[in-house]
Amino acid sequence: MLKHRIGITVLLAGTLVLIVYALLWVIDVPRSNAQEMPATEIAQSNDTCLNSLSFDPTSGGFLTSDTLMLPTQEGNNCYAWQMFIAMNWPTDPGWPATPDLAGEPDRNIDVSAWGVPQDATKPMATVPVWGSYKAAQAIFLPNAAKPTGWGVDLPAPSGCQSNAKLSGYATGSTKYLTAVSKSAINPAHRFHLSTGTLDTQSNEIMEATGGWLTDQDGNLVFFERRVGKAEFDYIVSNSLYDAADQLRVATNADQKNPAGLSLPVGGYLRRPPSEPQNQAELGAFELKAAWRILTKHPEQYQRYLTTVAWLKRPDTGECTQEVIGLVGLHIIHKTDTFPDFIWATFEQVDNVPDDQAAKPPYGYSFNNPDCTGNDCTPNQPRIDCNKDTGCKDLFPRNQPVQVTRVQQTTSALTSLNTDIQNKISRETGGKSVFQYYKLVNVLWDGSPNGAPDPEPGANAKVPLRYGTFESQDSLKVANTTMETYIQNQSCNFCHMNATIAGSTTLASDFSFLFQDAGSAKNPSLVKVVRDVKP
C-alpha cells in the first residue's frame with residue numbers, strides 16, 4: 001500500500017511540474033492577440049496539431065524564428081511538420097530572375113495547389129523554398145573564393161551543357177548535383193565519419209558513414225546540402241568560407257567575436273507575428289536532401305517531390321540530366337528555445353518496409369522483400385576504411401543496397417503522420433505529393449541550460465553539450481537514406497564533434513559544413529589537417 005501511495009505521489013508531482021512548465025510557456029503569450037495564439041495545450045494532441053498547422057504563406061505563423069508549440073515531444077513533432085510545410089512551399093516565381101526572392105514562398109498559392117503537379121507524368125514545375133537556399137558547394141568554393149550573392153546558384157558543371165536536356169522544366173531552376181572540387185574536400189573531416197571520400201569522392205554520393213546508397217533500380221542516390229539566408233549572411237559577413245577566418249572568429253583573435261563561431265539564433269517568439277518575418281530573423285537553417293533517379297518511372301512522379309538535375313558521377317565523370325525524386329530530408333533550425341538546434345527528419349513513405357505500412361504500389365525504393373543470399377544482409381556498408389591504407393569498395397556501385405529501418409516508427413508518430421497525410425490529401429483533392437511523406441522523428445534538447453552566454457564562446461572545444469537530447473520514445477533519430485549504415489546513433493552524437501576547417505578541436509556550432517572550406521589566406525592550415533591520417 002505504501003509503494004502504491006508513493007507511486008501516486010510521484011505521478012502527481014510529475015504531472016504538476018508539466019502543468020506549471022506549460023502554464024509558464026503559455027503565460028508568456030500576450031492575451032491581446034488571442035485569435036492568433038497557437039493551441040499550446042498541455043497535451044498536444046493530434047487534433048491540436050492539425051488545428052495549429054498553418055498552410056497560409058501570408059500568415060506570421062507559417063515559417064517562424066522559434067517554435068510556437070509547447071516544448072514537448074508532441075509539440076516538437078508538430079513544429080517539425082510546420083517546418084516541412086513551409087520549407088516545401090513553392091518559391092516565389094520571381095526567383096531566380098530576382099535573386100533576393102530566394103527563400104521567399106509564393107504567397108499567391110493556396111493549399112489546394114500545394115504539391116500538386118501540373119502534369120502527373122512530368123516533374124514539378126516549381127521549386128520548394130529550401131531548394132532556392134544557397135547550396136553548400138556554392139559557399140565553400142575552391143581556393144576559398146568569395147561566394148556569389150544570395151539567390152545566385154551554381155552554373156552547370158563543365159561538360160554537362162552539351163548533353164541532351166530533359167524538357168518540361170522551368171528555365172533557371174535546375175539543380176546541379178556534381179562532384180565538389182578536391183580543394184574543397186577535407187579527407188579528415190567528420191562529415192564522412194569513415195573518411196570514405198579521401199579527396200576523391202564527392203559529398204553528393206556519400207553518406208555520413210558507410211559509403212554510397214544504391215536503390216533497387218541500381219541507381220546511386222545523390223545528396224545536397226542547403227543553407228538559409230541568416231546563416232549564409234553570417235558566413236559571408238565574417239568571411240567564414242576561408243578556414244583562416246574561421247580560426248579568427250572561433251578564437252576571437254580580433255576581439256570582435258566573443259561568442260566565437262556562433263550561428264545566428266532565431267528571434268524569441270511565443271505567439272505568431274502579425275506578418276511574415278524577415279529571413280534575417282529566422283535564425284540558422286540547414287537542410288540536407290537525398291534524391292533517387294526517377295527518369296524512367298513517370299508513373300511514380302505523383303508520389304514524389306520531383307525536380308530535374310544534372311548528375312555528374314565523381315567516379316566516372318559521366319554527366320546526365322535526370323528527373324529525381326526526394327526520398328529523405330533533414331531540417332535543422334537554431335532557435336531561442338533550441339540554441340543547439342531542433343533536428344527533424346522526413347522520408348518518402350515508399351523507402352523501406354515499416355511495421356505499420358502496406359507494401360507500396362511500385363515496390364520499395366531500397367528494399368527487396370524477396371531478396372536472399374549474403375548480398376541481402378541489411379544495411380551493409382559499401383566501403384571499408386583503414387587509417388593506413390585508405391578505403392576500398394566492397395560492392396559494385398550499381399548493386400542495390402538492402403535497407404531496413406532499425407528504429408521502427410512509433411505508434412504515436414504513425415498516428416500523427418496519418419492524420420496530417422489525410423489532411424493534406426483532403427485539402428488537395430488527393431493530388432499532393434506531400435501526402436506521401438512521413439516524419440521519422442525529432443531530436444530536441446529539453447533543457448539546454450548548459451549553453452554559455454555568449455554561446456558557444458571563444459575557443460569552444462568539441463564536444464559541445466548543452467543538455468540532454470530527447471526524441472519520440474527515446475529512439476535514435478536516423479534517416480534510412482542518409483544514415484543507412486549508422487542507424488543506432490542520433491544526430492547529436494556526431495554533430496557535437498563538428499569542428500572548423502583546419503582544427504580537430506575548435507567547435508563549429510554543430511555544423512559540419514565549415515569543414516569543406518579551403519584557405520587562400522593560409523593554405524597550409526587545411527593541408528596540415530588533411531595530412532593527418534584519420
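The residues of the chain are indexed from 1 along the displayed sequence.
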Open item on the list: Can you tell me which residue among Asp354, Asn417, Thr414 is in a side chain to side chain donor-acceptor pair (under 3.5 Å) with Lys438?
Closed with: Asp354
State, to 0.1 Å, how close [X] and [Y] come at their nearest heavy-atom pair, and which atoms those are.
{"X": "Leu329", "Y": "Met482", "result": "N-CE, 3.5 Å"}
{"X": "Thr295", "Y": "Val323", "result": "OG1-N, 3.0 Å"}
{"X": "Val308", "Y": "Pro123", "result": "CG2-CG, 3.9 Å"}
{"X": "Val111", "Y": "Trp89", "result": "CA-CH2, 3.8 Å"}
{"X": "Pro400", "Y": "Gln216", "result": "CB-NE2, 3.7 Å"}
{"X": "Ser432", "Y": "Trp114", "result": "OG-O, 2.9 Å"}

TODO: Given ring-ring contact (aromatic ring centres under 6.0 Å, His included), test Tyr79 with Trp444 step by step and report yes or no.
DONE: CA-CA 11 Å; Tyr79 181 57; Trp444 59 289; over 10 Å; no
Open item on the list: For Leu443 and Phe341: C-alpha separation, side-chain torsions, deciding distance, then whether side chain to side chain contact (heavy atoms under 4.5 Å, CB included) applies.
Closed with: CA-CA 9 Å; Leu443 191 71; Phe341 291 82; over 6 Å; no
- [ ] State whether the number of non-hydrogen atoms from other residues, nucleotides or ligands found under 6.0 Å of Glu299 atom CD is greater than 12.
- [x] yes
TODO: Given side chain to side chain donor-acceptor pair (under 3.5 Å), test Glu224 with Trp291 step by step and report yes or no.
DONE: CA-CA 8 Å; Glu224 67 171 328; Trp291 301 89; 3.0 Å; yes
Return yes if some donor-acceptor pair links the side-chain N/O of [X] with the main-chain N/O of [Y] below 3.5 Å, else return no.
{"X": "Thr98", "Y": "Leu101", "result": "no"}
{"X": "Glu281", "Y": "Asn278", "result": "yes"}
{"X": "Tyr133", "Y": "Leu287", "result": "no"}

TODO: Determine, stepwise, if the pair Tyr362 / Arg303 fulfils side chain to side chain donor-acceptor pair (under 3.5 Å).
DONE: CA-CA 10 Å; Tyr362 303 105; Arg303 296 178 68 85; over 6 Å; no
- [ ] Starting from the C-alpha separation in whole Å, work towards a yes-or-no answer on salt bridge (Lys or Arg N to Asp or Glu O under 4.0 Å) for Asp66 and Arg270.
- [x] CA-CA 8 Å; Asp66 202 357; Arg270 285 297 176 268; 3.5 Å; yes
TODO: Run the numbers on Val327 and Phe366 for side chain to side chain contact (heavy atoms under 4.5 Å, CB included), then give the verdict.
DONE: CA-CA 10 Å; Val327 291; Phe366 304 103; 4.1 Å; yes
Among side-chain atoms of [X] and [Y], is any donor-acceptor pair under 3.5 angstrom?
{"X": "Ser415", "Y": "Thr418", "answer": "no"}
{"X": "Asn479", "Y": "Thr345", "answer": "yes"}
{"X": "His297", "Y": "Asp217", "answer": "yes"}
{"X": "Asp509", "Y": "Ser511", "answer": "no"}
{"X": "Ser65", "Y": "Gln277", "answer": "yes"}
{"X": "Glu322", "Y": "Trp310", "answer": "no"}
{"X": "Asn368", "Y": "Gln402", "answer": "no"}
{"X": "Asp110", "Y": "Ser112", "answer": "yes"}
{"X": "Thr91", "Y": "Asp106", "answer": "no"}

I'd like to know if [X] pairs up with [Y] as an ion pair, taking the criterion as any Lys NZ or Arg NE/NH1/NH2 lying under 4.0 Å from an Asp or Glu carboxylate oxygen.
{"X": "Asp350", "Y": "Lys359", "answer": "no"}
{"X": "Asp419", "Y": "Lys423", "answer": "no"}
{"X": "Asp56", "Y": "Arg107", "answer": "no"}
{"X": "Glu231", "Y": "Lys134", "answer": "no"}

- [ ] Output, in order, the C-alpha distance, side-chain angles, deciding distance and verdict of side chain to side chain donor-acceptor pair (under 3.5 Å) for Asn379 and Thr484.
- [x] CA-CA 6 Å; Asn379 310 326; Thr484 310; over 6 Å; no
- [ ] Indicate the ring-plane relationship of Trp150 and Phe232, choosing parallel, tilted or perpendicular according to the 30° and 60° boundaries.
- [x] tilted
TODO: Classify the ring geometry between Phe514 and Phe140 as parallel (under 30°), tilted (30 to 60°) or perpendicular (over 60°).
DONE: perpendicular
Task: Cation-aromatic face contact Lys288/Phe223, 6.0 Å, 45 degrees - done: yes
Open item on the list: With ring-ring contact (aromatic ring centres under 6.0 Å, His included) as the test, pick out the partner of Phe346 among Trp81, Tyr436, Trp130, Phe434.
Closed with: Trp81
- [ ] Could you check Met83 against Phe285 for side chain to side chain contact (heavy atoms under 4.5 Å, CB included), going step by step and ending with a plain yes or no?
- [x] CA-CA 10 Å; Met83 289 193 293; Phe285 271 106; 3.8 Å; yes
- [ ] I would like to know whether Gln435 and Thr428 meet side chain to side chain donor-acceptor pair (under 3.5 Å); could you show each step before the answer?
- [x] CA-CA 9 Å; Gln435 65 187 300; Thr428 62; 4.9 Å; no
- [ ] May I have the step-by-step check of ring-ring contact (aromatic ring centres under 6.0 Å, His included) for Trp343 and His333, ending in yes or no?
- [x] CA-CA 7 Å; Trp343 312 72; His333 184 199; over 10 Å; no
